[in-house]
Amino acid sequence: MVATRKSQRLDKVLVHMGVGTRKEIRKLTKAGRIKVNGSAVNDPSVHVMPETDDITVDGITIDYREHIYLMMNKPQGVISATEDRNEEVVTDLLEQEHRVFEPFPVGRLDKDTEGLLLLTSDGKLSHQLLSPKKHVPKTYYAEVDGVVTEEDALAFKNGVTLDDGYVTMPSELTILSSGPRSEVELTIYEGKYHQVKRMFEAVGKKVVFLKRIAMGPLTLDPDLEPGEYRELTPEELALLKGENNGN
């Protein structure tokens with residue numbers, strides 16, 4: 001990630017990092033509790049270089065980040081949104097230290113679908129990942145009522161016609177087990193409403209469990225239980241931004 005290397009007001013930086021309101025920051029500076037590069041600061045409007053200056057509050061270093069990037073294993077029953085009057089949303093699952101960045105989900109997972117969900121405050125990256133022109137692959141694990149066959153795999157490879165007449169892009173169906181309840185992995189390159197479920201309906205079958213396990217270069221961390229999340233590693237973020245395409 002390329003540093004912005006711009007100076008900013010100290011109070012703006014600390015508000016952004018969730019230390020407190022501007023009024024609270026002003027009180028902290030007057031009390032000598034905020035230091036920049038080891039020296040107490042009494043003017044909250046002083047400009048600092050947040051990426052390189054050593055900023056501490058009560059001796060605790062503030063690790064500045066312009067944006068936040070989170071990988072969540074979204075549980076069933078939670079909506080992929082930032083607010084809803086009646087339902088629990090994914091941002092309700094976040095700790096306050098991450099909520100202050102006001103992250104939002106990149107795309108959506110249905111309420112009854114679990115698995116990999118990216119949350120970020122980086123609107124530019126979100127737009128790039130969701131752009132229809134990008135055809136970012138998304139891989140799902142699904143349990144399906146009905147015997148899934150190689151004929152289904154061929155149909156998905158050629159594109160199937162959904163209930164509204166839309167013909168899907170070619171997709172990749174891998175059959176893990178075939179029987180009265182089949183297990184499959186499916187990679188699609190677009191994101192129509194309820195697409196995976198509707199694709200199986202198009203071949204006469206019903207999805208009874210759905211979990212997203214990969215999106216673009218990101219794979220769901222197997223250590224994350226439903227409802228848990230973590231920040232992306234620098235390597236994962238570089239992959240997501242395509243910064244190491246030449247390696």
Side-chain angles (χ1 to χ4, degrees), residues 70-81 84 86-90 93 104-119 126 128-229 239-240:
L70 305 173
M71 173 191 293
M72 175 181 288
N73 184 356
K74 187 191 90 67
Q76 294 183 11
V78 180
I79 294 177
S80 299
D84 188 274
N86 304 310
E87 304 280 357
E88 185 178 28
V89 297
V90 290
L93 304 176
F104 50 85
V106 178
R108 300 178 68 87
L109 285 180
D110 296 338
K111 181 179 178 181
D112 60 352
T113 299
E114 64 182 62
L116 176 60
L117 185 67
L118 176 67
L119 295 98
S126 175
Q128 291 173 347
L129 292 172
L130 296 177
S131 172
K133 297 179 182 179
K134 294 288 186 178
H135 302 307
V136 174
K138 293 173 278 289
T139 301
Y140 295 82
Y141 165 81
E143 295 177 8
V144 181
D145 268 351
V147 179
V148 179
T149 66
E150 291 299 333
E151 288 183 359
D152 297 326
L154 181 60
F156 281 20
K157 183 178 180 180
N158 292 328
V160 296
T161 303
L162 303 183
D163 48 12
D164 60 359
Y166 178 80
V167 179
T168 64
M169 291 178 60
S171 58
E172 298 151 19
L173 177 63
T174 300
I175 301 171
L176 304 177
S177 68
S178 182
R181 174 168 291 191
S182 301
E183 296 179 82
V184 302
E185 287 185 5
L186 175 65
T187 300
I188 61 176
Y189 296 86
E190 53 195 337
K192 300 298 180 182
Y193 181 70
H194 290 321
Q195 180 168 338
V196 174
K197 297 173 184 177
R198 293 165 68 200
M199 288 176 70
F200 278 99
E201 288 171 2
V203 294
K205 299 175 178 69
K206 182 180 180 180
V207 173
V208 293
F209 175 78
L210 190 60
K211 178 178 183 177
R212 184 158 68 189
I213 56 177
M215 178 179 180
L218 284 186
T219 300
L220 179 63
D221 187 333
D223 292 333
L224 290 177
E225 296 292 332
E228 293 183 342
Y229 70 94
L239 282 172
L240 203 59

- Any chance you could lay out the side chain to side chain contact (heavy atoms under 4.5 Å, CB included) test for Leu93 and Lys74, step after step, and finish with the verdict? CA-CA 9 Å; Leu93 304 176; Lys74 187 191 90 67; 5.9 Å; no
- Task: Walk me through it: do Leu240 and Leu129 pass the test side chain to side chain contact (heavy atoms under 4.5 Å, CB included)?
- Result: CA-CA 9 Å; Leu240 203 59; Leu129 292 172; 4.1 Å; yes
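- With rounding to the nearest 0.5 Å, the separation of OG in Ser80 from CG in Leu118 is 11.5 Å.
- A side-chain donor from one of Glu190 and Tyr166 sits under 3.5 Å from a side-chain acceptor of the other.
- Judged by distance alone, the side chain of Ser182 and the main-chain N or O of Val148 form a donor-acceptor pair under 3.5 Å.
- To the nearest 0.5 Å, atoms CD (Glu143) and NZ (Lys206) are separated by 13.5 Å.
- Within the 3.5 Å criterion, the main-chain N or O of Tyr193 finds a donor-acceptor partner in the side chain of Arg198.
- Rounding to the nearest 0.5 Å gives a distance of 5.5 Å between CG of Leu116 and CE of Met71.
- Inter-residue side-chain proximity for Leu119 and Val90 is flagged as met; some heavy-atom pair is nearer than 4.5 Å.
- Here the OH-CG distance, from Tyr141 to Leu220, works out to 13.5 Å after rounding to the nearest 0.5 Å.
- Considering only heavy atoms from C-beta on, Val203 comes within 4.5 Å of Phe156 through its side chain.
- With a 4.5 Å cut-off on side-chain heavy atoms, Val160 and Val167 do not count as touching.
- Looking at Tyr140 and Glu185, their side chains never bring a donor and an acceptor atom within 3.5 Å of each other.
- Taken from CD1 in Ile175 to OG1 in Thr149, the straight-line distance is 6.0 Å, to the nearest 0.5 Å.
- Here the shortest heavy-atom pairing between Asp223 and Glu228 reads O-OE1, 3.6 Å.
- Salt bridge present: Asp145 and Arg181 bring a charged side-chain N and a carboxylate O closer than 4.0 Å.
- In this structure, Ser131 contributes its side chain and Gln128 its backbone to no donor-acceptor pair below 3.5 Å.
- A donor-acceptor pair under 3.5 Å is absent between the side-chain atoms of Thr139 and the main chain of Ile213, judged by distance alone.
- In terms of heavy-atom proximity, Lys205 sits nearest to Val147 at CE-O, 2.6 Å.
- Inter-residue side-chain proximity for Glu172 and Ile188 is flagged as unmet; no heavy-atom pair is nearer than 4.5 Å.
- Annotation: side chain of Leu224 is not in contact with side chain of Met72 (no heavy-atom distance under 4.5 Å).
- Annotation: cation-pi geometry not satisfied between Lys138 and Tyr189 (NZ/CZ under 6.0 angstrom from ring centroid, within 45° of ring axis).
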- Working for side chain to side chain contact (heavy atoms under 4.5 Å, CB included), residues Leu154 and Asp152: CA-CA 5 Å; Leu154 181 60; Asp152 297 326; over 6 Å; no
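- In this structure, the side chains of Thr168 and Leu162 come closer than 4.5 Å at one or more pairs of heavy atoms.
- Between Ile79 and Arg108, the closest side-chain pair of non-hydrogen atoms falls below 4.5 Å.
- Using a 4.5 Å heavy-atom threshold, the side chains of Asp110 and His194 count as touching.
- A salt bridge between Lys111 and Asp84 is absent, with no side-chain N of the basic residue lying under 4.0 Å from a carboxylate O of the acidic one.
- Checking each of Leu186, Thr187, Asn158 against Ser171 for a side-chain contact (heavy atoms from CB on, under 4.5 Å) leaves exactly one that passes, namely Leu186.
- Counting all heavy atoms, side chain and backbone alike, Pro105 lies closest to Leu117 at CB-CD2, 4.0 Å.
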- Query: Where do Val196 and Thr113 land on the side chain to side chain contact (heavy atoms under 4.5 Å, CB included) test, with the steps shown first?
  - Reply: CA-CA 11 Å; Val196 174; Thr113 299; over 6 Å; no
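- With Lys197 contributing its side chain and Glu201 its backbone, the two residues share no donor-acceptor pair below 3.5 Å.
- Within the model, atoms CG of Leu109 and CE of Met215 stand 9.0 Å from one another, a figure rounded to the nearest 0.5 Å.
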